[in-house]
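Naming convention: chains lettered A, B, ... in sequence-line order (proteins, then strands); numbering from 1 in each chain. All heavy atoms count here, side chains included; hydrogens, waters and symmetry mates do not.
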Number of protein chains: 2
Amino acid sequence: MAEELPHRHATLDEVAALAGVSRSVASRVINNAPHVSRAKRESVEKAIRKLGYVPDPKARALATRQAGAAALVISRDDPEVLADPFFGQLVAGVAGALEEADLHMMLCVAATPRGRERVERLVRSRAVDGVMLAASHEDDPLARIAKEGPLPVVFGGRPVDFEPRWYVDIDNVGGARDATEHLLARGRTRVVTIGGPLDTEVARARQRGYREAMTLAGLTPRPPEIGDFSEAAGAAAMARLLEAHPDLDGVFAANDNMAAGALRALRGAGRSVPEDVAVVGFDDLAVAQLTEPALTTVHQPIRDLGREMARMLVGIVAGRAVGPLILPTHLVERSST
Amino acid sequence: MAEELPHRHATLDEVAALAGVSRSVASRVINNAPHVSRAKRESVEKAIRKLGYVPDPKARALATRQAGAAALVISRDDPEVLADPFFGQLVAGVAGALEEADLHMMLCVAATPRGRERVERLVRSRAVDGVMLAASHEDDPLARIAKEGPLPVVFGGRPVDFEPRWYVDIDNVGGARDATEHLLARGRTRVVTIGGPLDTEVARARQRGYREAMTLAGLTPRPPEIGDFSEAAGAAAMARLLEAHPDLDGVFAANDNMAAGALRALRGAGRSVPEDVAVVGFDDLAVAQLTEPALTTVHQPIRDLGREMARMLVGIVAGRAVGPLILPTHLVERSST
DNA sequence: AACGGATCTGGAAGCCCTTCCATTGTGGCC
DNA sequence: GGCCACAATGGAAGGGCTTCCAGATCCGTT
């Protein structure tokens with residue numbers, strides 16, 4: 001049977017008193033430190049159990065100068081950002097890895113100026129041992145905390161305007177190359193692309209991958225139509241592409257949402273997928289399985305991304321030398337190609 | 001131009017020294033407390049700016065016995081739970097409301113025994129001022145912290161086995177009634193339902209709503225086919241229903257995923273939606289807009305749920321008297337009815 | 001039996017704040 | 001001009017923990 005949850009919080013002093021030792025010894029027992037005789041160790045452990053003692057992390061943090069927590073900062077202007085399943089998976093990965101290291105997770109949504117200000121205060125107040133920064137966009141004021149602050153900051157995905165010391169990224173170039181090559185391998189030769197906003201590194205990298213694959217195959221990459229990663233933008237971009245290149249037979253969309261929009265636009269234009277036009281997306285979110293036909297797409301290990309970000313941060317805090325990490329993607333073939 | 005982020009963290013003592021006042025006065029300035037002359041107040045404020053001082057929340061928490069943070073605990077065996085967009089929105093709502101109150105959010109995923117143990121430690125260690133408990137299932141060991149612990153706990157959704165002192169819930173009964181009545185208003189009379197696992201209060205409540213509506217209309221509620229809220233389970237349940245009630249003309253599914261499965265099963269069985277069979281779901285997640293045809297469903301204000309949970313917790317911590325809250329739903333008509 | 005060494009032990013200082021309280025200073029009022 | 005009330009001030013005592021250090025204990029050696 002579990003202990004009662006005592007209403008009053010026991011302190012280390014009480015434990016020490018009950019065990020008949022000094023506070024120092026009790027502290028050592030708790031921290032598994034040496035220089036404690038077997039007898040006293042057991043006596044302290046007994047007292048701990050009896051009192052249901054749990055050390056106060058605030059006091060401990062104060063004394064050790066270690067917060068015992070890490071912040072995951074979602075930096076994006078849109079407060080809805082968390083509804084994106086991407087972040088759910090990211091958070092799940094981070095949570096798992098932080099649990100391994102027994103760190104707590106402070107989740108910060110820096111969507112408003114007020115939110116950003118709070119994050120900055122959090123960081124500067126040393127309430128956390130490190131920061132994971134996700135969805136950081138161009139000119140993100142929070143990127144400052146990585147450049148100037150003393151705290152380790154791990155980026156999820158590379159920012160567009162500088163190369164941080166620590167980051168974990170998805171191999172966007174490689175994934176986009178694979179996607180494009182897959183279309184080419186299917187015999188498509190007039191392959192176009194729908195790109196994301198070029199102020200994001202993700203969009204740029206996927207663009208680059210498309211161009212590389214085309215060039216390598218001796219084909220001329222066509223200029224992308226740009227969308228904002230939404231389904232509607234994908235449909236609109238597809239419509240423009242159909243206009244510009246009526247003979248197209250393959251489309252690489254920079255994400256699944258836009259690919260879904262493209263499928264809709266193609267259907268509207270009377271082109272059948274994959275017979276007339278093959279389509280590949282990127283992300284492998286749930287939507288990819290719900291489109292008609294189901295979407296061939298590049299799977300990115302989002303959970304792993306979160307996990308590795310957290311592990312990297314833990315490594316840095318522990319003083320281990322770690323460097324950037326790029327995670328591989330793989331193509332998931334469904335019915336759209 | 002913003003201040004430099006100083007590498008060494010200034011302390012209140014340093015601020016006081018620079019301002020030429022005692023620590024007490026400096027502290028009062030920071031906390032906007034009275035009994036500080038205008039001159040000293042300004043002098044302290046200047047020193048704060050100059051040093052880039054940010055109070056250490058750990059020390060403050062220790063002195064005030066207020067953690068300045070609240071925990072959002074997602075209690076579910078499945079570590080994938082966060083990938084569910086439901087939780088993304090919930091978290092977003094919580095984050096927004098906690099920001100208003102200037103509390104930090106500790107996000108805890110209690111998926112493993114280890115995770116649960118950590119949550120319990122967190123709570124007992126007084127590292128947070130209160131807890132929001134979401135997705136708590138039957139016999140959730142964490143529910144103990146609400147019953148025995150001294151900390152305020154706000155439930156998101158009612159647990160099945162007891163009535164907590166504080167909770168915020170969605171009006172599941174009302175929503176399900178509306179959904180069913182909508183089907184009846186559309187002239188359907190042989191309306192069946194796909195229910196969720198009966199060890200969840202959500203599933204029970206939606207079941208109840210269906211029965212109420214049927215009974216009120218003078219019809220006999222039919223026993224539900226049960227699924228585990230997944231798309232596949234929805235399809236399977238739909239198949240069983242078609243077998244048992246070949247003449248059915250309306251389906252209320254207890255969530256959108258199962259409704260999507262039902263649509264698939266109906267299509268497979270050659271029934272057209274909404275002509276032969278009308279279908280209503282529950283949740284209004286993204287999937288509802290992606291199905292073919294788009295799903296009529298009961299919208300639940302998940303973000304509001306999170307927001308109200310956080311506000312309730314803030315209220316309790318502030319000593320305000322607050323009670324349970326039930327949030328209204330509304331029907332979103334699309335093409336499946 | 002005396003000694004060097006390693007192993008325990010507890011006192012005390014410190015981490016950075018808040019807050020109580022006694023003290024000083026100020027203005028108003030009779 | 002003296003007295004009272006009240007605002008302003010800083011000293012000091014916490015809050016709960018870690019950790020340094022000096023002193024006490026114990027062991028095996030010679």
A:Val54 backbone acceptor or donor facing B:Ser125 side chain under 3.5 Å: no

Ion pair A:Arg114/A:Glu117, N-O distance below 4.0 Å: no

Nearest-angstrom distance from the residue atom CG of A:Leu12 to P of D:dG15: 14 Å

B:Glu14 CD - C:dG14 C1' separation (whole Å): 15 Å

Student check: side-chain heavy atoms of B:Glu120 and B:Arg116 closer than 4.5 Å: no

A:Phe162, A:Tyr167, A:Trp166 screened by ring pair (Phe, Tyr, Trp, His ring centres under 6.0 Å) with A:Phe155, the one that passes: A:Phe162

Sugar-phosphate only, base, or nothing, as touched by A:Lys40 at under 4.0 Å among non-hydrogen atoms: sugar-phosphate

NZ/NE/NH1/NH2 to OD/OE distance under 4.0 Å, A:Arg126 and B:Asp56: no

Rounded distance (Å) that lies between atom P of C:dC17 and atom CZ of A:Arg126: 12 Å

side-chain N/O B:Ser37 vs D:dT9 OP1/OP2, d < 4.0 Å: yes

Under 3.5 Å, N/O pairs linking protein and nucleotides 19-21 of chain D:
none

B:Arg121 atom CZ, neighbour heavy-atom count above 12 within 6.0 Å: yes

Nucleotide C:dG14, atom P - distance to CG of B:Asp13 in whole Å: 12 Å

Atom-to-atom span, CZ of B:Arg60 to C1' of D:dG16 - whole angstrom: 18 Å

Sugar-phosphate only, base, or nothing, as touched by B:Pro55 at under 4.0 Å among non-hydrogen atoms: sugar-phosphate

d(NE2, B:His35; P, C:dT24) in whole Å: 18 Å

B:Ala92 versus B:Arg303, closest heavy-atom pair with distance: CB-NH1, 3.6 Å

Separation of atom NZ in A:Lys58 from atom C1' in C:dC16, rounded to whole Å: 14 Å

Closest-nucleotide ordering on DNA chain D, the 5'-leading residue of B:Leu62 and B:Ser22: B:Ser22

Length of the CG-C1' vector between A:Asp56 and C:dC17, whole Å: 14 Å

